[in-house]
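For reference, the structure is listed below as structure tokens.
Because the structure is a prediction, the values reported are computed rather than measured. All residue numbers in this chain count up from 1 along the given sequence.
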Amino acid sequence: MAIEQRTSRGGRKSTVATVTELYHFLRLLFVKLGMQHCPDCAIPIEPQTLESIVAKILRDYRGRRVEVLAPLVVARKGYYTDLAKWAAAKGFAHLRVDGSPVATASWPRLARFKEHDIELPVGALEVRRRASARSARSSPRRSPTGRARS
């Protein structure tokens, strides 16, 4: 079964080569049509409402300080000095590298061949019942096209 055809990189007498990349198309098909399950507990993954997310955070983290992190690098190798410069230029003093905060101003030389997880600390809040409604409404404003405004 051929999904896509391309010309090969052969000589002037080469014919058209057929390249099948079924894995990618089947993966996309199963993601769209299949039911996803948690790999740890085998419970089906379903969409959650904003109210259910807020209720779960209030139940599990009441009275504690939580930090909202945006993943920038997930299990990738490299130095990432350009990423630190970008974060510093945007006003972020720290990034979380492999679970611990690292200053962007004095960025260390990361191990090049070790996989790193780098997260951007977006915000932090104290979980209290009174502040829950205000925190839930503090999501980014959306434009009419559905994209977040900055």
Side-chain angles (χ1 to χ4, degrees), residues 1-12 14-50 52-54 56-127 131 135-143 145-150:
M1 181 165 112
I3 304 294
E4 179 179 359
Q5 287 188 337
R6 296 186 212 159
T7 58
S8 67
R9 293 189 141 247
R12 60 185 171 92
S14 294
T15 59
V16 174
T18 303
V19 179
T20 55
E21 299 170 347
L22 288 178
Y23 169 75
H24 301 293
F25 292 105
L26 288 175
R27 183 178 59 82
L28 289 172
L29 178 70
F30 281 106
V31 165
K32 293 292 183 186
L33 298 178
M35 172 63 80
Q36 298 177 3
H37 290 76
C38 174
D40 297 328
C41 57
I43 296 174
I45 297 174
E46 298 174 349
Q48 299 179 50
T49 64
L50 179 62
S52 67
I53 294 171
V54 170
K56 181 172 176 56
I57 291 172
L58 282 171
R59 183 182 69 234
D60 295 346
Y61 300 101
R62 183 185 306 274
R64 293 170 43 190
R65 183 176 173 85
V66 295
E67 192 172 16
V68 180
L69 302 167
L72 298 176
V73 175
V74 179
R76 301 290 301 230
K77 299 175 184 177
Y79 295 123
Y80 297 106
T81 52
D82 292 338
L83 184 66
K85 289 177 186 174
W86 170 84
K90 295 289 184 183
F92 293 98
H94 291 84
L95 292 176
R96 194 167 93 160
V97 179
D98 300 330
S100 59
V102 175
T104 55
S106 59
W107 189 255
R109 186 169 178 89
L110 299 177
R112 180 179 176 192
F113 298 109
K114 180 185 176 231
E115 291 183 346
H116 299 287
D117 294 325
I118 302 176
E119 298 154 326
L120 179 71
V122 177
L125 59 108
E126 183 78 27
V127 178
S135 298
R137 285 191 304 262
S138 68
S139 62
R141 295 182 322 192
R142 300 268 172 198
S143 68
T145 60
R147 294 187 177 153
R149 293 187 208 168
S150 46

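- In this structure, CZ in F92 is found 11.0 Å from CG in L83, a value given to the nearest 0.5 Å.
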**Study point:** Pair L95-I118, side-chain contact (heavy atoms from CB on, under 4.5 Å): steps then yes or no
**Key:** CA-CA 7 Å; L95 292 176; I118 302 176; 4.0 Å; yes

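- Under the side chain to side chain donor-acceptor pair (under 3.5 Å) criterion, no residue pair touches residues 84-93, with sequence neighbours excluded.
- The two residues A124 and R65 make their nearest non-hydrogen contact at CB-NH2, 3.3 Å.
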Practice item. Could you walk me through whether V122 and E67 pass the side-chain contact (heavy atoms from CB on, under 4.5 Å) test, one step at a time? Key: CA-CA 8 Å; V122 177; E67 192 172 16; over 6 Å; no

Exercise for review: Let me see the working for R96 and L69 under side-chain contact (heavy atoms from CB on, under 4.5 Å), right down to the final yes or no.
Suggested key: CA-CA 9 Å; R96 194 167 93 160; L69 302 167; 3.3 Å; yes

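- Contact record, A75 with D117: N-OD1, 2.7 Å, taken as the closest heavy-atom pair.
- Put simply, the side chain of V127 does not reach to within 4.5 Å of the side chain of R64, judged on heavy atoms.
- Here the CZ atom belonging to R76 is positioned 12.0 Å from the NE2 atom belonging to H116, to the nearest 0.5 angstrom.
- The local environment of CZ in R27 is crowded, with over 12 non-hydrogen atoms from other residues, nucleotides or ligands closer than 6.0 Å.
- Residues E119 and V74 form no side-chain contact, since every pair of their non-hydrogen atoms from C-beta on lies 4.5 Å or further apart.
- The minimum heavy-atom distance linking G63 with E126 is given by the pair O-OE2, 3.0 Å.
- The minimum heavy-atom distance between P101 and H94, with the atom names listed, is CB-CD2, 4.3 Å.
- Residue Y79 comes nearest to R112 through the heavy atom pair OH-CD, 3.4 Å, listed as atom of the first residue, atom of the second, then distance.
- Around atom CZ of R109, no more than 12 heavy atoms belonging to other residues, nucleotides or ligands sit under 6.0 Å away.
- Looking at every heavy atom in both residues, A84 comes nearest to T104 through O-CB, 3.8 Å.
- Put simply, the side chain of K114 reaches to within 4.5 Å of the side chain of D98, judged on heavy atoms.
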